[in-house]
Amino acid sequence: LPNSPQAHLELGRALEDHCDRRAAFENYSRAESLDPQSADARLDLGRFFYESANYDGAREHLTAALKLDPKMLEALYLLALTEAQNNNFDVAAQLFESVTAIDPHQANAQYFLAQQFKKLGRDDDAEARLKQAASLKPPSVQALSELVQQGAQPDAPEVSTDPQAAQPDE
């Protein structure tokens, strides 16, 4: 194995996929020590800590990743989830708003933003984001489920009845 940060990140991800979390963590840490300016190493460590319910560790590494790469969407999203888990609903809402500003088609970010708005008493904003999350392609399944439970009739995906529409282009 080459002793490069990228090689350790790739090995860490493969080990994590095969449920060897201890070895994955060691490789993520090694990648970070080889290149402290690696936003990807910080992201992988932050994700690892988030998935381990170590939210302080997640916050530290995800914040570091964002300092290195402020537009790193996955780090921003995971940091928003981390703040939501820590009941920092206002901070989580701001972070989810940043995610949706970068990519408005992030249905799950729209859904979780709606959840933060509910917790902050911003019911109209929550309802609007919930509907938006359900209307995206692909939609947020949680948003669709919540709307159905509320008795709403979410818009069904458009289905063409034109038999020519299903034919591949020649």
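Here, residue 1 is the first one in the sequence, and each next residue gets the next number. This is a predicted model, so every value here is computed, not measured.
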Counting heavy atoms not belonging to D124, are there more than 12 under 6.0 Å from its CG?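 Result for CG/D124: open.
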Enclosure of K131 NZ (heavy-atom neighbours >12, cutoff 6.0 Å):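 No.
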Are Y50 and Y55 close enough, and set up right, to give a ring-ring contact (aromatic ring centres under 6.0 Å, His included), and what steps lead you there? CA-CA 6 Å; Y50 175 80; Y55 301 122; 5.6 Å; yes
Test side chain to side chain donor-acceptor pair (under 3.5 Å) on Q6 and E10 and set out the steps. CA-CA 6 Å; Q6 191 59 38; E10 289 174 18; 3.2 Å; yes
Ignoring hydrogens and geometry, is there a side-chain-to-backbone donor-acceptor pair from [X] to [Y] under 3.5 Å?
X   : Y   : value
D69 : A65 : no
N88 : V91 : no
T63 : R59 : yes
D35 : Q37 : yes

Quick one: does [X]'s side chain get under 4.5 Å of [Y]'s, heavy atoms only?
X    : Y    : value
S29  : H8   : no
Q110 : H105 : no
R13  : Y28  : yes

Is it true that [X] and [Y] make a salt bridge, defined as a side-chain N closer than 4.0 Å to a carboxylate O?
X   : Y   : value
R42 : E60 : no
E16 : R47 : yes
E26 : R22 : yes

Under 30°, 30 to 60°, or over 60°: which ring-plane class applies to F112 and F96, parallel, tilted or perpendicular?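 Plane angle under 30°, so parallel.
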Do we see a donor-acceptor contact under 3.5 Å between the side chains of H61 and D44?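 No, no side-chain donor-acceptor contact under 3.5 Å.
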Run the side chain to side chain donor-acceptor pair (under 3.5 Å) test on S140 and Q142 for me, step by step, so that the C-alpha distance in whole Å, both residues' side-chain angles and the decisive distance to 0.1 Å come before the verdict. CA-CA 5 Å; S140 163; Q142 298 107 319; 3.2 Å; yes
